[in-house]
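Every chain is numbered from 1, with letters handed out A, B, ... down the list of sequences.
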Amino acid sequence: MPELPEVETIRAGAATHVLDRPIAAVEVLRERSVRRQGGGAAEFTARLRGCTLTAAVRRGKFLWFPLRGPDGVAEDAALLVHLGMSGQLRVMEGGSHPHLRVRIRFADGGQFWFIDQRTFGYLWVADLVPTLDGGPGGVGTLEYAPAVSDAGPLAQHNSALEHAALIPAPVAHIAPDLLDPRLAEPGGPQRRELVRRMRRGRRGIKRALLDQTLVSGIGNIYADEALWRSRVHYDRRTDVMPAAKAGAVLQSAREVMVDALAAGGTSFDSLYVHVNGDSGYFSRSLDVYGREGEPCRRCGRPIVREVFMNRSAAFCRNCQRPPRR
DNA sequence: AGGGCAACCTGGGGGC
DNA sequence: TGCCCCCAGGTTGCCC
């Protein structure tokens, strides 16, 4: 289910519930859910046992928890989570679930669950490395910290930046996201550099928005929502688009995600880090996604849906004029 | 180099 | 009721 706002909601919830609780045992109920771990479930469980999670950090749709070892020394590793299409993290006391894939048992008796119906998501104890992505400005190492969100309740805690210079190696190719404080400012230098990179190369705007190496966290829903808000058709080429227009799309993307985050932040309780996918903030107001045939909230024309990049694109043909082919 | 696309999975829902 | 096809919010890796 998750795009950036959902993952950030989960990050914030997890940060208040699973940190500094020693891990007593780990059960991998579906090997595929740790498929990226070289040594499989055996290595995954062995590396977690006795550790504590010291922080909850996010970049785009990736979430990770730096580890402290049984000896109290920080490991150069983190529990990395990607939720894929259907992953959930929940803080539980017990019980079971048909799609429970990994169960982490804390020494205090509590449990931390990874639930994933479609198993596109995964857990991975991955090494932390200095960030090398340079990013806009291209200065290089350490310029970009992982996205310690500016929206979560533990932002201040995290933004001690104890972990900011490190990022899981598998995430190193993922760009910062629009909640990253450096990218949050509409006219800021990082934002302008992002626009420049967006407009490099011949491709449509939606393809650029979904390119996680350009800017991360935007998925199919929020891409469509951002394009509707800024009245841009999904296939408009970025290279011939005015920079201000590309910047406006980015700003819309940030705003729609911030709105969703505001809605999502209110709906989890102490038991569930993530509510059920069909309740709570899932019902946030969307303007185009899933509204095929319903009237555009601006002009009243029906929202249409087309297949693009092997997925659906929802838009208003009147407000978002397609480019001439 | 960069775009296009199948593959990876497990359902749920609609049509017949 | 059963069956079949389409749909689903992501990423990777291979082919061109």
Side-chain angles (χ1 to χ4, degrees), chain A residues 1-10 29-37 58-64 80-89 97-102 114-124 126 168-175 177 197-228 234-239 253 256-257 259-261 263-264 274-293 305-315:
Chain A
M1 330 219 148
E3 296 182 33
L4 185 152
E6 290 73 28
V7 180
E8 171 55 22
T9 299
I10 290 162
L29 305 167
R30 179 69 67 99
E31 185 81 21
R32 178 174 153 77
S33 293
V34 295
R35 62 190 176 282
R36 309 290 299 268
Q37 195 81 48
R58 182 188 56 72
R59 170 177 283 199
K61 303 166 194 168
F62 284 86
L63 175 66
W64 65 93
L80 175 64
V81 181
H82 197 290
L83 299 171
M85 296 281 262
S86 55
Q88 302 175 30
L89 291 176
H97 186 283
H99 301 130
L100 177 59
R101 307 305 188 198
V102 177
F114 178 63
I115 297 172
D116 190 14
Q117 183 211 110
R118 293 178 68 188
T119 68
F120 285 173
Y122 53 86
L123 269 50
W124 187 359
V171 186
H173 68 293
I174 298 295
D177 59 66
R197 293 177 60 214
M198 271 179 75
R199 298 173 69 236
R200 204 170 56 192
R202 180 192 175 107
R203 60 176 165 182
I205 179 74
K206 184 169 177 180
R207 196 178 296 280
L209 290 176
L210 295 177
D211 181 351
Q212 304 295 302
T213 68
L214 203 52
V215 58
S216 66
I218 304 171
N220 200 39
I221 291 180
Y222 294 113
D224 282 357
E225 294 296 315
L227 290 166
W228 182 84
Y234 65 82
D235 214 12
R236 283 277 173 192
R237 277 169 52 185
T238 57
D239 56 340
V256 69
M257 291 194 292
D259 289 351
L261 191 52
H274 186 310
V275 297
N276 272 334
D278 55 3
S279 64
Y281 59 83
F282 183 63
S283 60
R284 57 180 131 57
S285 63
L286 296 172
D287 289 311
V288 283
Y289 185 84
R291 295 194 66 239
E292 182 182 10
R305 190 172 69 87
E306 292 180 356
V307 174
F308 178 68
M309 292 177 72
N310 271 336
R311 51 211 321 196
S312 64
F315 66 104

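- For the pair A:Asn310 and B:dA6, the criterion of a side-chain N or O lying under 4.0 Å from OP1 or OP2 is met.
- With C:dG9, C:dG10, B:dC9 as the candidates, the nucleotide lying closest to the side chain of A:Ile221 is C:dG9.
- In this model, the phosphate group of B:dG11 is approached by a side-chain N or O of A:His99 to a distance below 4.0 Å at OP1 or OP2.
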Using Watson-Crick or G-U wobble pairs with both distances under 3.5 Å, give me DNA chain B in dot-bracket, 5' to 3', with [ ] for crossers and | for pairs to another strand. .|||||||.|||||||

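- Out of C:dG9, B:dT10, B:dC8, the shortest distance to the side chain of A:Arg118 is found at B:dT10.
- For the side chain to side chain contact (heavy atoms under 4.5 Å, CB included) with A:Arg58, the qualifying choice from A:Val81, A:Ile10, A:Leu4 is A:Leu4, the only one to do so.
- For A:Tyr289 and C:dG9, the ring-to-base geometry does not satisfy the stacking test (centroid distance below 5.5 Å, interplanar angle below 30°).
- Take the nearest nucleotide of DNA chain B for A:Arg101 and for A:Met309: the residue whose nucleotide is more 5' is A:Met309.
- At C:dA8, one or more side-chain N or O atoms of A:Ser312 fall inside 4.0 Å of OP1 or OP2 (strictly under the cut-off).
- In this structure, the aromatic ring of A:Phe120 is positioned over the six-membered ring of the base of B:dC8, centres within 5.5 Å and planes within 30°.
- Nucleic acid contact class of A:Arg35 (heavy atoms, under 4.0 Å, all strands): none.
- The aromatic rings of A:Tyr234 and A:Phe308 sit tilted relative to each other, their planes meeting at an angle between 30° and 60°.
- Under 4.0 angstrom from either OP1 or OP2 of B:dT10 there lies at least one side-chain N or O belonging to A:Arg30.
- Comparing C:dG10, B:dG11, C:dT12 by their nearest atom to the side chain of A:Arg36 picks out C:dT12.
- Contact annotation for A:Arg305: backbone-only contact, meaning every heavy-atom pair under 4.0 Å involves sugar-phosphate atoms and none involves a base.
- The side chain of A:His173 places an N or O atom within less than 4.0 Å of a non-bridging phosphate oxygen (OP1 or OP2) of C:dT12.
- Not a single donor-acceptor pair under 3.5 Å links the side chain of A:Glu225 to the backbone N or O of A:Val256.
- When distances are taken from the side chain of A:Arg207 to each of B:dG4, B:dC9, C:dG10, the shortest belongs to B:dG4.
- Within 4.0 Å of A:Gly219, counting heavy atoms only, lie sugar-phosphate atoms of the nucleic acid but no base atom.
- Ion pairing between A:Lys206 and A:Asp224 holds under the 4.0 Å rule for side-chain N and carboxylate O.
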